[in-house]
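Working notes for the structure below.
The figures that follow rest on heavy atoms only: side chains count, while hydrogens, waters and symmetry mates do not. Residue numbers start from 1 in every chain, and the chains themselves are labelled A, B, ... in the order their sequence lines are given, proteins ahead of strands.
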Amino acid sequence: AQTVTQSQPEMSVQEAETVTLSCTYDTSENNYYLFWYKQPPSRQMILVIRQEAYKQQNATENRFSVNFQKAAKSFSLKISDSQLGDTAMYFCAFSQAGGTSYGKLTFGQGTILTVHP
Amino acid sequence: DSGVTQTPKHLITATGQRVTLRCSPRSGDLSVYWYQQSLDQGLQFLIQYYNGEERAKGNILERFSAQQFPDLHSELNLSSLELGDSALYFCASSLYNEQFFGPGTRLTVL
């Protein structure tokens, strides 16, 4: 079974600064997907960024980028130029790329990020 | 707006009762997933349907059941409710490997 671990329960950052959220995972699969989801106070789950395990290039989406280290099973999220609207709970998630559990998301415990003005 | 709709938004009921949560996926999405978010268990996968058929099961209690109808909407039925079933229940849909979540149904069992 896959597990996802987020070791930082809470983080804070000043507006316009950069912050990195950590995530590690455990799997015996070779093909899979990794995601970061954002959950603001509204509780809506919003997809921030995704990474395919077969791609060596790290995914980037505007101010959000990841550092994917497959051998280390590490998948961190970097938020540049932090904005007040980035304040939210962030979840790291894993999904197999095939098999009977294809598509099912396994989530980490979440990291609460607070951006201060 | 993800395009996934869930009704109702809030549900308050008593222990022992039965409720039905409804989900309409994004147009064209064949897969529907149900997740439960609670304070003590975090976000957990419950069950997945693909084009009307059950595809995968997670930590879903026997008191819970789900189905996906020919028009692809899905319902999650929760029966013999207990206090511990109070949670936020999410539905998500996907066509390939990216899931889009609905706004959730907040269930409170008193």
Side-chain angles (χ1 to χ4, degrees), chain A residues 1-10 23 25 27 29-55 59 61 64 66 75 88-112, chain B residues 1-6 8-11 23 25-26 29-51 53-60 66 68 74 86-108:
Chain A
Q2 288 78 24
T3 58
V4 178
T5 302
Q6 294 178 247
S7 57
Q8 306 154 315
E10 293 187 46
C23 172
Y25 58 95
T27 183
E29 301 290 325
N30 193 45
N31 293 322
Y32 49 87
Y33 300 95
L34 294 163
F35 305 86
W36 279 97
Y37 279 87
K38 168 184 176 181
Q39 187 178 42
S42 68
R43 300 298 228 160
Q44 176 74 48
M45 292 289 287
I46 302 164
L47 178 63
V48 174
I49 199 166
R50 69 175 232 174
Q51 174 81 43
E52 292 91 341
Y54 65 86
K55 287 188 179 177
E61 200 71 47
F64 299 88
V66 298
F75 182 61
M89 173 88 90
Y90 287 80
F91 290 96
C92 178
F94 172 100
S95 168
Q96 281 180 219
T100 54
S101 292
Y102 169 70
K104 159 198 163 184
L105 288 172
T106 300
F107 288 92
Q109 306 92 317
T111 297
I112 299 172
Chain B
D1 185 358
S2 67
V4 179
T5 60
Q6 288 186 250
K9 280 193 170 178
H10 302 278
L11 203 46
C23 168
R26 293 186 320 157
D29 286 357
L30 299 178
S31 280
V32 168
Y33 305 80
W34 286 97
Y35 295 88
Q36 179 195 59
Q37 185 177 27
S38 62
L39 280 174
D40 51 345
Q41 300 285 338
L43 258 168
Q44 285 199 102
F45 167 74
L46 294 178
I47 197 164
Q48 177 199 359
Y49 278 83
Y50 178 81
N51 204 18
E53 295 195 4
E54 183 184 300
R55 173 66 68 89
K57 251 183 177 177
N59 297 324
I60 187 166
Q68 187 179 29
S74 177
S86 294
L88 186 55
Y89 291 84
F90 284 109
C91 164
S93 75
S94 73
L95 182 58
Y96 297 111
N97 48 47
E98 205 165 294
Q99 291 185 32
F100 295 88
F101 282 73
T105 293
R106 165 74 66 187
L107 173 65
T108 303

Report task. Taking all non-hydrogen atoms of both residues into account, name the closest pair between T111(A) and Q8(A) and its distance. Result -> OG1-O, 2.6 Å
Requested in this report: Please flag which part of E98(B) lies under 4.5 Å from any non-hydrogen atom of chain A: side chain, backbone, both or neither.
Outcome: both
Query - Point-to-point distance, once rounded to the nearest 0.5 Å, from CD of Q48(B) to OG of S93(B) - result: 11.5 Å
**Report entry** Contact origin within L88(B) toward chain A - heavy atom pairs under 4.5 Å
**Finding:** side chain
Query raised in the report: Between F75(A) and F94(A), does the ring centre distance come in under 6.0 Å?
Result: no
Query raised in the report: Non-hydrogen atoms of chain A under 4.5 Å away: do they reach the side chain of Y50(B), the backbone, both or neither?
Result: neither
Report summary line: Residues at least two apart in sequence or cross-chain that pass side chain to side chain donor-acceptor pair (under 3.5 Å) with E52(A), listed by chain then number, are R50(A)
